[in-house]
Trainee: 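One structure coming up, written as structure tokens, with questions to follow.
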Amino acid sequence: MTPSRQGPFARLADFLDDRTGYRSLLHEALYERVPGGARWRYVWGSTLVFAFMTQVITGLFLWASYSPSAQTAWESVYFIQHEMAGGWLLRGIHHFMAQAMVVLLALHLLQVVIDGAYKAPREVNFWLGLVLMMLVLGMALTGYLLPWDQKGYWATIVATNLAGIVPFVGPSLQQLVIGGSEYGHHTLTRFFAIHAGFLPAALIVFLVVHLAVFRRHGLHAKQPITKPDGMFWPDQLLRDAVAMLAVMAVVLGVILVPALRAMLAGEVVVPGELGAELGAPADPSLPYAAARPEWYFLFLFQFLKVFEGWGATGEFVGAIVMPGLIMTVMVLMPIVGGWRLGHRFNVAFTLAVLAGAGLLTAMALNEDYYALWVNRAGLAEAETLFDQTGGDAEKLLVALGGDRAKASAIERQWTTVEKLRRSEAFLTAVKQAKTDAARAVELAGRPERIPPAGMLDLVRQDPLSQGPRIFAQHCGSCHAHVDPLAADAEAEIAASSAPNLHGFGGEGWVRGLLTPAEVAGPAYYGNTAHREGDMVSFVQNDLVDEATWPKADIDAVVAALVAESGQPVPSSIAPRVEHGRGLVAAEERCGGCHTFRDNGVALGTAPDLTGWGGRDWLVAIITDPSHERFYGDRNDRMPSFGMAAEGAVPPLSRKQIELVADWLRGEWYRPAVPRGRP
Amino acid sequence: MTRPGPDASRRGFFAKVLAIACGGLATAVPCGAGLFAFLDPLRRRGEASTFRPVADLAAIPDDGLPRQFSVIADRVDAWTGFAAEPIGAVYLRREKGSREVEALSATCPHAGCFVDLDKGSHCFRCPCHNSTFTLDGGIVDPSPSPRAMDALECRVGARGEVEVKWQRFRAGVADKVVQG
Ligand code: FES
């Protein structure tokens with residue numbers, strides 16, 4: 001190099017070059033010969049380096065706000081996603097670039113195999129590439145857990161359990177990565193260290209060697225060479241740079257297109273909902289039927305199902321032996337490639353593996369989303385019979401009057417019905433997961449913020465999150481809880497064997513109770529032992545007598561009871577509350593049976609109406625409906641959920657009962673400004 | 001290779017500029033997104049300073065000697081909300097027979113250490129660089145601290161509740177400047 005003798009910048013450059021020799025370094029780095037000229041098919045390696053660089057940059061910035069512990073991981077990711085300006089974009093880029101990287105890996109591998117770039121003298125570099133691939137997949141796997149949400153938690157549980165079946169070292173390996181025998185703080189600190197420390201460090205080392213070896217052998221040109229040679233700079237680098245920009249554009253597109261769509265539809269765009277999802281906080285006590293690995297691991301997930309019937313051996317074969325065999329064949333490719341037809345085998349094998357993975361992925365998706373595209377009309381009869389017979393072949397034959405041909409046709413359809421039902425269960429679980437996630441985010445945004453015990457603690461105290469679950473598990477087998485105006489309400493109410501508790505304590509509910517046509521219907525006492533009871537008889541025989549019970553008096557009783565439950569009393573009847581209280585207490589009215597405040601009626605004939613439908617009243621009746629304050633020995637079938645024999649645990653804890661009571665009363669946190677509204 | 005003509009070199013220049021532009025733009029996205037999020041703390045406002053109850057008048061003997069009290073307040077740390085937590089400390093003192101209370105922040109104006117009350121020598125002493133202050137917070141020379149201890153606004157309610165306006169001040173400067 002001849003030093004130039006111009007302006008100050010040139011002189012500074014000369015000085016630097018003299019001391020560092022950067023010019024020859026740069027020259028060496030940039031002026032690499034590209035045999036046959038620059039081509040688009042050589043860009044994949046560079047885009048991978050770019051993708052990795054993007055992950056390092058975004059990862060470091062995410063690191064600056066992430067906190068790995070069971071009480072802070074979800075919380076800090078929530079903060080990044082929903083509260084830090086631009087956090088959603090940063091996290092979105094990191095999340096989707098990881099996925100882009102897996103795609104680019106596959107393309108790079110495919111290009112190398114098809115072009116025969118793995119053959120001598122580049123065998124070692126091919127092997128280095130395979131190591132890099134495993135490192136990238138390892139980072140993808142470990143990164144999935146870090147937000148500590150339900151999705152990542154349950155998917156990773158599966159992955160670490162599979163690691164546990166590796167012979168000899170499995171259990172120890174599992175215990176090491178988990179940091180103990182249970183998931184917790186140390187699982188996160190370890191996964192984080194592996195994800196952001198060990199693996200990237202190893203990757204950088206291997207990448208440097210990979211690139212050095214690549215330069216040593218030069219670019220493997222696609223044969224035949226028809227064009228004159230080109231230069232890496234700028235010919236090939238221009239193509240590389242355009243490809244990098246394209247990759248980034250795709251990633252940004254995935255993040256921003258939903259926003260664009262919402263804007264075009266005139267909806268409010270909530271930035272926190274863009275980019276990477278954040279599920280509800282991980283809860284080891286809450287089953288999660290929507291657990292799936294990230295899409296690029298779905299084929300492995302599906303592959304395991306192939307060996308479903310094999311038990312533990314199946315897992316071993318599917319998760320360890322088969323992937324191990326595939327990797328072994330790949331490692332042997334440079335050697336096999338030297339044989340006659342060896343290269344063709346390698347190409348065919350790679351394509352077969354990719355096609356197989358693609359097929360398995362499609363199968364997995366089809367199983368999960370089957371209900372969305374199956375033709376249900378054709379299955380209607382089979383579905384009905386399936387429900388009627390509970391899937392029992394004998395009963396089916398009976399139901400069809402012994403028509404064997406039809407029975408076997410229907411039975412064949414049942415396979416599809418079962419598939420449909422599994423898919424529906426999955427879709428319901430996904431929907432539930434979305435609801436739970438949205439609720440968690442809503443709760444995290446409370447002015448009081450997240451308690452030091454963490455988000456999970458807050459979710460567990462939330463009537464809206466817990467109430468429906470406890471109700472479904474303990475109350476729902478008898479009681480319906482459905483808006484009477486909803487589409488399927490009638491069938492659901494008819495199938496229940498205890499009052500419909502939707503809107504319990506509110507005006508509509510109380511009015512229904514006092515309506516002769518309804519009180520003995522399935523929404524009230526129709527399906528209970530009280531159908532022939534005093535209350536039904538009172539409503540049907542006494543209340544209809546307009547002389548003693550003019551409409552104004554019934555309104556007053558409604559107003560009084562609604563007021564007692566603490567629900568809003570409609571303004572039209574609000575002025576009658578006091579009058580109503582008098583009626584409820586009066587001996588010749590409700591007070592003939594019911595205790596109310598200090599009306600002096602002894603407990604035991606009918607439920608106490610003091611504080612009726614209020615929180616304490618509800619908690620008390622759920623705890624012990626057989627108490628003389630409620631139904632006493634005329635209690636129908638309702639268990640005493642809060643009672644247990646000495647030393648035993650009651651079916652529901654006090655806290656759980658309170659959660660159900662609050663949920664039934666509609667008492668839960670509601671944001672002052674609904675999410676998504678400015 | 002043939003010697004590149006002027007046309008080829010112009011094309012080469014164009015390719016270089018384009019390559020740098022594309023590569024630069026692609027890299028700018030993660031850097032920009034990261035930096036933007038990293039600067040988030042600069043966009044956050046601190047809590048407004050308000051009067052907070054710290055003690056009862058009866059708990060401050062009127063002997064002119066300072067007593068240490070915690071300032072209790074709800075505190076938000078990023079995503080966590082702490083209810084009624086000690087967020088700082090003050091020294092309160094009052095003269096014989098007076099209902100007036102003087103409040104001093106326990107934070108050293110030099111570099112923010114927690115100033116100790118040295119009962120033996122009747123003064124405040126900071127354990128970090130030995131700044132010494134008189135019992136009413138005045139500076140004792142020579143002192144690393146550029147200013148006296150920070151007095152806080154203080155009021156006494158009718159029922160004897162002592163409230164202090166809790167504030168933090170910038171450390172290391174001669175003027176008392178509110179921070180945040
Ligand atoms: S911080 Fe108190 S003397 Fe330096």
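Because only heavy atoms are used, hydrogens play no part in the values below, and waters and symmetry mates are left out as well, while side chains stay in.
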Trainee: Tell me which of these, B:Gly24, B:Pro30, B:Ala15, has more heavy-atom pairs under 4.5 Å with chain A than the rest.
Mentor: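 It is B:Pro30.
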
Trainee: Looking at A:Leu89, A:Val247, A:Thr54, which one has more heavy-atom pairs under 4.5 Å with chain B than the rest?
Mentor: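 When all of A:Leu89, A:Val247, A:Thr54 are compared, A:Thr54 has the most.
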
Trainee: Checking heavy atoms, do the side chain of A:Ala64, its backbone, both or neither come under 4.5 Å from chain B?
Mentor: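 The side chain, not the backbone.
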
Trainee: What's the shortest heavy-atom distance between A:Met455 and A:Ile450, and which atoms?
Mentor: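 Result for this residue pair: N-CG2, 3.6 Å.
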
Trainee: Do other residues, nucleotides or ligands put more than 12 heavy atoms under 6.0 Å from the NZ atom of A:Lys227?
Mentor: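 Result for NZ/A:Lys227: open.
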
Trainee: Name the region of A:Pro451, side chain, backbone, both or neither, that has any atom closer than 4.5 Å to a heavy atom of chain B.
Mentor: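 For A:Pro451, backbone heavy atoms alone lie under 4.5 Å from chain B.
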
Trainee: Taking B:Asp74, B:Leu35, B:Leu25 one by one, which has the highest count of heavy-atom pairs under 4.5 Å against chain A?
Mentor: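 The candidate making the most pairs under 4.5 Å is B:Leu35.
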
Trainee: Shorter than 4.5 Å, heavy atoms on both sides: which option in A:Gly86, A:Ser65, A:Gly92 has the most such pairs with chain B?
Mentor: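 Winner by heavy-atom pair count: A:Gly86.
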
Trainee: Determine the option with the most heavy-atom pairs under 4.5 angstrom with chain A, choosing from B:Gly34, B:Ala37, B:Ala19.
Mentor: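 Ranked by heavy-atom pairs under 4.5 Å with chain A, first place is B:Gly34.
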
Trainee: Taking atom types as modelled, is there a side-chain donor on B:Thr80 or B:Asp77 under 3.5 Å from an acceptor on the other?
Mentor: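 No, no side-chain donor-acceptor pair sits under 3.5 Å.
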
Trainee: Could you tell me which portion of A:Met97 (side chain, backbone, both or neither) has an atom closer than 4.5 angstrom to a non-hydrogen atom of chain B?
Mentor: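 Contact with chain B involves no heavy atom of A:Met97 at all.
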
Trainee: So B:Cys113 and B:Cys128, disulfide bond (SG atoms under 2.5 Å apart) or not? Walk me through it.
Mentor: CA-CA 6 Å; B:Cys113 286; B:Cys128 291; 1.8 Å; yes

Trainee: Checking heavy atoms, do the side chain of B:Leu39, its backbone, both or neither come under 4.5 Å from chain A?
Mentor: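 No part of B:Leu39 comes within 4.5 Å of chain A.
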
Trainee: I'd like to know if A:Asp235 and A:Arg239 make a salt bridge, using a cut-off of under 4.0 Å between side-chain N and carboxylate O.
Mentor: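 Salt bridge flag = no for A:Arg239 with A:Asp235.
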
Trainee: Taking 4.0 angstrom as the limit, do B:Arg93 and B:Asp63 come out as a salt bridge?
Mentor: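 Looking at B:Asp63 together with B:Arg93, the answer is no, because their closest N to O distance does not fall below 4.0 Å.
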
Trainee: Do other residues, nucleotides or ligands put more than 12 heavy atoms under 6.0 Å from B:Arg170 CZ?
Mentor: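 At most 12 heavy atoms, drawn from other residues, nucleotides or ligands, come within 6.0 Å of this atom.
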
Trainee: Quick one: closest heavy-atom pair of B:Gln68 and B:Ala89, and the distance?
Mentor: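 Residues B:Gln68 and B:Ala89, closest heavy atoms: NE2-CB, 4.1 Å.
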
Trainee: Just do the side chain to side chain donor-acceptor pair (under 3.5 Å) check on A:Asp240 and A:Ser46 with the steps written out, would you?
Mentor: CA-CA 6 Å; A:Asp240 290 356; A:Ser46 300; 2.7 Å; yes

Trainee: Any idea which of B:Gly23, B:Gly32, B:Ala78 has the most non-hydrogen atom pairs under 4.5 angstrom with chain A?
Mentor: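 Result: the option with the highest number of such pairs is B:Ala78.
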
Trainee: Are any of the side-chain heavy atoms of B:Leu152 and B:Lys165 separated by less than 4.5 Å?
Mentor: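 Of all side-chain heavy-atom pairs linking B:Lys165 with B:Leu152, none is under 4.5 Å.
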
Trainee: Heavy-atom distances under 4.5 Å only: say whether A:Trp233 touches chain B with side chain, backbone, both or neither.
Mentor: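 Contact with chain B involves the side chain of A:Trp233 alone.
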
Trainee: Applying a heavy-atom distance below 4.5 Å, give me the residues of residues 67-81 of chain A that approach chain B, sorted by number.
Mentor: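 Result: A:Ser67, A:Thr72, A:Glu75, A:Ser76, A:Phe79.
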
Trainee: May I ask you to say whether A:Arg439 pairs ionically with A:Asp462, meaning some side-chain N is under 4.0 Å from a carboxylate O?
Mentor: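 So A:Arg439 pairs with A:Asp462 through a salt bridge.
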
